[in-house]
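See below for the structure under consideration.
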Amino acid sequence: MSEAWEELKRDCAGCHACPLGETRTKLVFGVGCEDAEVLFVGEGPGEQEDLQGEPFVGAAGKLLDDMLAMIGLDRSRVYIANVVKCRPPHNRDPQPNEQAACRGWLDRQIALIRPKLIVCLGRIAAMALIDPGFRITREHGQWFERDGRRIMATYHPSALLRDPGKRPEAFMDLREL
Ligand code: URA
């Protein structure tokens, strides 16, 4: 691992910039290939992620792995991170102040990975990275350009667990990759 990654992980590990830093069990930095061509960005850790310190390891994570496998990818070839690195209590949406406090870590991850493509998993990541007014039902699967990179959003795996009828649309989105 490069010095820049080590420094970023060290800095992030001690973060208490927002109240989520007080209630977390483990900070969930991110996982995957550090020069991946594709970066997936979720919302924030859930219960299992908070316990294990790794993103998408619960039921939604299993579905994400299955979706990656369907397009010939796996965790070792992409990078997976979240908008906020610490679990919001009771899995509520991360608040604007929490997202703002955490944003620098994600921006530094993006700067180091330099992915060709970014895929936002769900509305929260899409609002943070594409447009604050993003409408996931209308705009999923469409490519946007931000900071010279192509970026799109698809449904969050948790939404696909709640509503399996949306899975074909999510699959079509990922096929775009
Ligand atoms: N949901 C997310 O958005 N991120 C995770 O890491 C787990 C569940």
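In each ligand, atom 1 is the first atom listed, and ligand 1 is the first ligand listed. Position 1 is the first residue of the sequence, and the numbers go up from there.
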Those atoms of ligand 1 less than 4.0 Å from some heavy atom in P55 | 6 (O)
Can you find an N/O atom of A60 closer than 3.5 Å to an N/O atom of ligand 1?
-> no
Do H156 and F56 make the cut of ring centroids closer than 6.0 angstrom?
-> yes
Test: D163 and K166 ion pair at under 4.0 Å | yes
Nearest-contact summary for atom 4 (N) of ligand 1 - protein heavy atom, Å = N82 OD1, 2.8 Å
Can you tell me which residue and heavy atom of the protein come closest to atom 2 (C) of ligand 1, and the distance to 0.1 Å?
-> G44 O, 3.1 Å
Please state whether the rings of F29 and W5 are parallel, tilted or perpendicular, taking 30° and 60° as the class boundaries.
-> perpendicular
Under 4.0 Å to a heavy atom of G42 - the qualifying atoms of ligand 1, by number = 3 (O)
Could an N or O of ligand 1 be found under 3.5 Å from any N or O of F56, whether backbone or side chain?
-> yes
Any chance the rings of Y155 and F171 have centres within less than 6.0 Å?
-> no
Would you check, one step at a time, whether the test side-chain contact (heavy atoms from CB on, under 4.5 Å) holds for C12 with L27?
-> CA-CA 8 Å; C12 187; L27 183 141; 3.8 Å; yes
Looking at R75 and E54, does any basic side-chain N land under 4.0 Å from a carboxylate oxygen?
-> yes
In the protein, what heavy atom is nearest to atom 1 (N) of ligand 1, and what distance, to one decimal place, separates them?
-> H156 NE2, 3.2 Å
Is a side-chain donor-acceptor pair under 3.5 Å present for K85 with Q109?
-> yes
Any N or O of E43 closer than 3.5 Å to N or O of ligand 1 | yes
If we only count N/O pairs under 3.5 Å, is S158 in contact with ligand 1?
-> no
